[in-house]
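All ligand and atom numbering here is 1-based and tracks the order in the structure. Heavy atoms only: backbone and side chains are in, while hydrogens, waters and symmetry mates are out.
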Amino acid sequence: MNNVKAVPSHVGFIMDGNGRWAKSRKLSHYKGHEAGGARMFGLLRHSFEIGVKTVTCYVLSTENLKRDASEVKGVFLLVSIAIKIFIELSDEFHVKIKFAGDMHALSPRLAKALHKVEEHSLQYEAEGKCIYVCLAYGSRNEIVRAANKALQKGETLTEESLLASLDAPINLDLVIRPGGEHRLSNFMLYQCTYAEIYFSDVLFPDFSDEEYDKALEWYASRKRNFGLRKDNTATKPNN
Ligand code: IPE
Ligand code: IPE
Ligand code: MG
């Protein structure tokens, strides 16, 4: 990749367009999700090769759980098949893996298997790299669960403590949404406060490393102000 000046520390992918990709090829929706999953692993490798520290993959939303049961089951099956690849990636790039979302929506068996992946990857925590996998995830649900935890403990939340109590307690620098839609669809509303948001018409399974590089070059060209005057040197807020 050429001319990328500023590499974002945390990139989020809204993995949209799997269904249309499959339909245009007369394939099942499952095959679309399978192709999207394979592409995500390519994008994860590319991310860590170029120095991105944290990558968040939005796999399945709380709203997606209301889709046809067989489609949802198919996504969970693909995640369980991918466990081996998550472990390989974790070991290769020394990256921690964390599943974000309401784990009660998963079968106890899958939840346990994913927890094992998290535990395995904890050995790399000190290296500062992380993959967040958003599964049965909704930003509103994440915020409400975090707020309820504080309520139960009788704590008063602050902006910092709310962020710290989220499943993925880290601000996003760049959000990439392939698939042609221009919205966040309940993705990390709190963590996106000052994220740059890149939209692409390319369907997720076709979102190549070259398309990713285009998004990264666009990101590098952005001037981030964080609410300061344009002639000030922008400093990134630490929360
Ligand atoms: C995104 O692909 C992945 C999930 C929501 C699980 P879609 O299944 O929404 O694909 P399109 O938008 O129908 O093409
Ligand atoms: C967003 O895609 C959710 C994920 C990619 C996991 P959707 O296809 O669910 O989003 P909408 O319905 O077009 O907003
Ligand atoms: Mg969609």
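Residue F99 is tested with L114, L106, L110 for a side-chain contact (heavy atoms from CB on, under 4.5 Å); the sole match is L114. Here the rule is side-chain hydrogen bond (donor to acceptor under 3.5 Å, both in side chains) with H10, and of D173, N171, T54, T56 only T56 fits it.
Between F204 and Y58, a ring centre-to-centre spacing not shorter than 6.0 Å is recorded. In summary, the aromatic rings of F41 and F86 are positioned with their centroids under 6.0 Å apart.
Looking only at protein heavy atoms, the nearest one to atom 1 (C) of ligand 1 is M15 O, 3.0 Å. In terms of protein heavy-atom proximity, atom 9 (O) of ligand 2 is nearest to N64 ND2, 2.8 Å. Closest to atom 8 (O) of ligand 2, if we only count protein heavy atoms, is D16 OD1, 3.1 Å. Atom 2 (O) of ligand 1 has N18 N, 3.4 Å as its closest protein atom, hydrogens excluded (heavy atom only).
Taking the six-membered ring where the residue is Trp, F199 and H182 present parallel rings, their angle staying beneath 30° rather than reaching 60°. The aromatic rings of H33 and H29 lie parallel to each other, with less than 30° between the two planes, well short of the 60° mark.
Under 4.0 Å from ligand 2, the heavy atoms of R183 that appear belong solely to its side chain.
Looking at G19 next to ligand 1, an N or O pair under 3.5 Å apart turns up.
For D16, the N, O or S atom closest to the Mg ion (ligand 3) goes by the atom name OD1.
Looking at H33, K23, R20, H29 and measuring to atom 4 (C) of ligand 1, the nearest heavy atom belongs to H33. The residue among E63, E181, R177 with a heavy atom at the shortest distance from atom 10 (O) of ligand 2 is R177.
Heavy-atom contacts of R67 reach the following atoms of ligand 1: 5 (C), 7 (P), 8 (O), 9 (O) (cutoff under 4.0 Å). Taking every heavy atom of L60 and a limit of under 4.0 angstrom, the matching atoms of ligand 2 come to 6 (C). Using a 4.0 Å cut-off to heavy atoms of V59, the atoms of ligand 1 that qualify are 4 (C), 6 (C).
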